[in-house]
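In what follows, a structure is listed as structure tokens, so that the remarks can point back to it.
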Amino acid sequence: MLLTVDMGENETLMQTMRDTVSNQHDPKVGMFWYNPARDVLVGVHSVFAAELPFNARGRKTMQVLHHTAWPSVRKAAKAIGSSDAIWDEEDYTLVPRGRVFEVAMVGDEPYFEVLVGSWAEEYPHVLAMIAEEFNLGNVKHDFIHSRHWDIGRGTSEIFV
């Protein structure tokens with residue numbers, strides 16, 4: 001059954017959306033994969049960093065893991081008819097990927113770390129794509145190699 005929103009509630013909803021327009025370029029945290037065949041980021045999961053608290057380790061990121069998101073990302077790509085080779089890969093670690101964190105710092109300046117595998121050395125232009133996708137252009141950020149995001153690594157995300 002489809003319910004109808006009354007005019008007063010509709011205006012409240014519209015004003016809520018208008019209130020967020022100026023925040024659309026705020027920095028985000030999250031995760032992604034890179035599809036080299038199409039030179040595009042795929043399976044991007046992100047949230048505005050300001051919406052999350054720092055965890056006990058002084059970082060902000062999404063709770064979604066590459067391990068748990070990959071099956072639905074693959075399914076969605078196949079559903080729209082994409083035939084890129086990466087969608088045949090059941091192992092999420094065999095596709096270039098990374099994660100964006102906000103790191104707590106002393107002072108008022110936000111700081112972000114983008115963790116990627118050594119695959120990024122082969123596609124250095126992707127770093128600018130990631131910065132744009134996560135709105136990092138106006139905040140301090142660094143790209144950091146971490147073995148966890150190297151191709152074929154990452155089983156520690158399963159926590160076994």
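Keep in mind that what you see is a predicted model, and the values were worked out from it rather than measured.
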Arg59 and Glu113 ion-paired at < 4.0 Å: yes

Partners meeting side chain to side chain contact (heavy atoms under 4.5 Å, CB included) with Glu51 (sequence neighbours left out): Val47, Phe48

Output side-chain donor-acceptor pairs under 3.5 Å for residues 1-9, partner residues at least two apart or in another chain, one line each.
residue, atom, partner, partner atom, Å
Asp6, OD1, Gly8, N, 3.0
Asp6, OD1, Glu9, N, 2.7

Minimum heavy-atom distance between Asp39 and Met129, given as atom pair plus value: O-CE, 3.4 Å

CG-CH2 distance between Leu94 and Trp70, expressed to the nearest 0.5 angstrom: 9.5 Å

Val139 versus Pro110, closest heavy-atom pair with distance: CG1-CG, 4.0 Å

side-chain contact (heavy atoms from CB on, under 4.5 Å) between Glu133 and Val44, intermediate numbers included: CA-CA 9 Å; Glu133 178 69 34; Val44 175; 3.7 Å; yes

Residue pairs, two or more places apart or on separate chains, that pass salt bridge (charged side-chain N to carboxylate O under 4.0 Å, His left out) and touch residues 60-72: Lys60-Glu102

Exercise: identify the closest heavy-atom pair between Phe54 and Ala104: CE2-N, 3.3 Å

Min side-chain heavy-atom separation Val42-Phe32 under 4.5 Å: no

Aromatic plane relationship, Trp119 with Tyr123 - under 30° parallel, 30 to 60° tilted, over 60° perpendicular: tilted

Euclidean distance, Leu65 CG relative to His45 NE2, rounded to 0.5 Å: 10.5 Å

Nearest non-hydrogen partners of Pro27 and Leu136, listed with the distance: CB-CD2, 4.1 Å

Phe134 vs Val29 side-chain heavy atoms within contact, under 4.5 Å: no

Worked check of side-chain contact (heavy atoms from CB on, under 4.5 Å) between His66 and Met31: CA-CA 7 Å; His66 283 96; Met31 64 181 212; 3.5 Å; yes

Partner set under salt bridge (Lys or Arg N to Asp or Glu O under 4.0 Å) for Asp91, not counting sequence neighbours: none

Nearest-0.5 Å distance that lies between atom CZ in Arg97 and atom CG in Leu115: 11.0 Å

Pairwise side-chain contact, Arg38 with Ser82, heavy-atom cut-off 4.5 Å (strictly under): yes

Backbone of Ala76 reached by a side-chain donor or acceptor of Trp87 within 3.5 Å: no

Residue among Ile151, Ile86, Leu41, Val116 satisfying side chain to side chain contact (heavy atoms under 4.5 Å, CB included) with Pro96: Ile151

Main-chain N/O of Tyr92 paired with Arg74 side-chain donor or acceptor, under 3.5 Å: no

Rounded distance (nearest 0.5 Å) linking atom NZ of Lys78 with atom CG of Asp84: 11.5 Å

Pairs flagged by side-chain hydrogen bond (donor to acceptor under 3.5 Å, both in side chains) wherever residues 135-147 is involved - sequence neighbours left out: Tyr111-Asp142, His145-Asp150

Reported CZ-to-CD1 distance for the pair Phe112 and Ile144, which is rounded to 0.5 angstrom: 13.0 Å

Within 6.0 Å of CD in Glu132, more than 12 heavy atoms from elsewhere: no

Any side-chain heavy-atom pair of Val126 and Ile130 under 4.5 Å: yes

Audit row: Arg99, Trp149, side-chain contact (heavy atoms from CB on, under 4.5 Å) steps and yes/no: CA-CA 8 Å; Arg99 184 174 283 273; Trp149 285 276; 3.8 Å; yes

Partner set under side-chain hydrogen bond (donor to acceptor under 3.5 Å, both in side chains) for Glu11, not counting sequence neighbours: Arg18

Heavy-atom check, side chain of Thr93 versus side chain of Arg153, under 4.5 Å: no

Closest approach of Ala69 to Val64 (non-hydrogen atoms, all atoms of both residues): CB-CG1, 3.8 Å

